[in-house]
Participant: 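Dropping the structure in here first, questions after.
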Amino acid sequence: MKELAVSDEHELESRLIGTGVERLALLGKHADALMQGYSRDEVPLEALSDSALRRLLAARIVWRPDDQGGVKLAPRVRELIAEMLADETRRQVNADVGETLELLRTLVQSYREAQSQGEYWRQEQQLLRLRQAVDDLNGRFADAIDSLWQRLNSDFGFVSRLNDKIRENDRAQKQIVRLLDGLQLIDFDELIELVGSDGTLRKLLISQLQRQVSQHYTSLREVQSRLTELMARFRQQQSRSRLISGMAAFLREHPNFVPGNYARRSEVPDLINQAVPLIAAAAPALDHEPDIRVLTDLVHQLPMPVHKPQAVAAARPAEAEEQSLVAARQQALKQDVENFYLTVIDHPDPSGISALAYLQESDMEWGDEIWLFQVIAEYQGLPRSEQRAFRLHQSESRASRFNDLRLIHDVTLQLANSA
């Protein structure tokens, strides 16, 4: 019975492969007509024979909405072409995770059933389908977030009317809300209970999926912050444009309007009275007798400064002592780094010596960051001829997905002749 079940599954797989090859061959054979249908929204029938049209309809590559209308591409085929062409205006991203989560539950149950019955081939197949389902779920969210960034960089930049930009922003905000609702459907407590103690399933459905979901949340927060900033900017531009358009409409209705001289009015409108009041400049005239008397009285009224006596012993060269301590500490750090370079020369290692590992083994109290900074600075301060004797490898990574800043985690130093 087990061999019969395995043969049936092999037969089903071969049938699926044969059908898929046939469908892909149809796409390649009639690629010109299908691309014209993608660009024109209707497939030109003059480029297809009757038999080719019947085969495309049977394969659900094209469809006819009604008897009077023309033949159009199927929605899935249109989305596939839009995905390959990165056509953001026609790609529809579906981030509904409810159906995918239900599929994951079913596949986990099938995986457990195959594991309990010892059907290892079926178990591997179910595990492969689980990985594909998780990748598809993450791919949907990644495509949706990428579509939002494309919209920020294309639709907002090429839409000339502010109202259209605001509507695009509102549509993007609603899509973010839908994506967040979809991410909230992923209940990791339920997944932990579902996978149990199986290490493979826990790695796939807990650790890996949780890390990717956290990345999606971070990306959505960045997109939402950018959308909020753009909305504030658009609202400010809209208020200014409304003021200008209103003034232009008023001038069209009153072509003989001449602004009044607001400087001669006793009550200036708040819209015009925006200038800061001027303070008249003044200076004492020492050659004028009344000003001299006034200045003399003002000087006599100034309070006398009170200076408390200070003991001489209390004064100490604090700044000089502090500078000497800093200089001594810098010299000690430089000497320790030089000892590290001498260790690399005296004990060459083909794989190099890690700077942080040397710091921990030497029990020195320097911080990791200042130690790595001094090691790199010492290497950069060497002459060109001496730099060629060493190989400095930096272990670094990007700060985030959208920030190309490089963070150095460790430095490995080795001799050039031992590399």
Side-chain angles (χ1 to χ4, degrees), residues 2 5-17 19-20 23-24 60 74-80 82-84 91-149 174-224 401:
K2 186 180 296 184
V6 171
S7 62
D8 291 341
E9 290 181 358
H10 278 295
E11 182 180 358
L12 177 60
E13 183 179 2
S14 62
R15 190 183 307 119
L16 288 175
I17 292 176
T19 305
R23 298 292 191 269
L24 292 175
R60 289 181 293 183
R76 295 292 183 184
V77 178
R78 186 175 62 254
E79 291 177 11
L80 174 63
E83 178 69 26
M84 292 187 295
R91 184 168 63 178
Q92 302 294 329
V93 180
N94 180 16
D96 184 13
V97 298
E99 183 178 354
T100 305
L101 291 176
E102 190 64 31
L103 175 62
L104 291 178
R105 299 186 189 99
T106 305
L107 291 176
V108 170
Q109 294 174 359
S110 300
Y111 174 85
R112 286 185 170 278
E113 181 181 350
Q115 187 180 30
S116 62
Q117 295 178 0
E119 298 178 357
Y120 300 109
W121 184 85
R122 182 184 168 200
Q123 179 182 350
E124 291 295 330
Q125 292 295 320
Q126 297 301 327
L127 183 60
L128 178 61
R129 294 184 62 190
L130 267 172
R131 289 196 178 98
Q132 292 175 351
V134 172
D135 291 341
D136 180 63
L137 179 63
N138 289 307
R140 291 178 183 177
F141 284 104
D143 289 343
I145 296 171
D146 184 66
S147 176
L148 285 172
W149 281 114
K174 291 179 180 179
Q175 185 175 355
I176 290 177
V177 173
R178 290 195 298 269
L179 292 175
L180 291 175
D181 292 340
L183 288 173
Q184 289 178 357
L185 292 178
I186 303 177
D187 188 0
F188 287 100
D189 293 335
E190 178 188 358
L191 292 178
I192 292 173
E193 183 179 356
L194 181 64
V195 301
S197 60
D198 192 290
T200 304
L201 294 181
R202 290 182 69 89
K203 181 178 180 181
L204 178 64
L205 297 177
I206 305 302
S207 60
Q208 178 181 344
L209 185 60
Q210 193 171 23
R211 183 174 64 254
Q212 292 168 341
V213 168
S214 178
Q215 293 177 357
H216 295 327
Y217 272 116
T218 303
S219 301
L220 285 175
R221 282 195 296 268
E222 293 178 359
V223 175
Q224 198 167 27
R401 183 180 177 184

Participant: Please report the interatomic distance OG1(Thr19) to CG(Leu24), rounded to the nearest 0.5 Å.
Facilitator: 11.0 Å
Participant: By side-chain hydrogen bond (donor to acceptor under 3.5 Å, both in side chains), which residues pair with Thr218, not counting sequence neighbours?
Facilitator: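 Counting only residues at least two positions away or on another chain, Thr218 forms a side-chain hydrogen bond (donor to acceptor under 3.5 Å, both in side chains) with Arg221.
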Participant: Search all heavy atoms of Thr100 against all heavy atoms of Ala133 and return the closest pair with its distance.
Facilitator: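 Closest heavy-atom pair between Thr100 and Ala133: CG2-O, 4.0 Å.
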Participant: With a cut-off of 3.5 Å and sequence neighbours excluded, list every side-chain donor-acceptor pair involving residues 184-200.
Facilitator:
unit_1	atom_1	unit_2	atom_2	d
Asp187	OD1	Asp189	N	3.2
Glu190	OE2	Arg105	NE	2.7
Glu190	OE2	Arg105	NH2	3.3
Asp198	OD1	Thr200	N	3.1
Asp198	OD1	Leu201	N	3.1
Asp198	OD2	Gln115	NE2	3.4

Participant: Do Phe141 and Gln215 have side-chain heavy atoms sitting under 4.5 Å apart?
Facilitator: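 They are not in side-chain contact.
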Participant: Measure the shortest side-chain to side-chain distance between Leu209 and Leu204 over non-hydrogen atoms and say whether it is less than 4.5 angstrom.
Facilitator: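 Contact flag for Leu209/Leu204 side chains = no.
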Participant: I need the single residue from Gln126, Gln123, Arg129, Arg122 that forms a side chain to side chain donor-acceptor pair (under 3.5 Å) with Tyr111. Which is it?
Facilitator: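 Only match with Tyr111 under side chain to side chain donor-acceptor pair (under 3.5 Å): Gln123.
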Participant: Please confirm whether the backbone N or O of Arg211 pairs with a side-chain atom of Ser214, one donor and one acceptor, at under 3.5 Å?
Facilitator: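 Side chain of Ser214 to backbone of Arg211, a donor-acceptor pair under 3.5 Å: no, none is there.
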Participant: Quick one: closest heavy-atom pair of His216 and Asn138, and the distance?
Facilitator: NE2-OD1, 3.5 Å
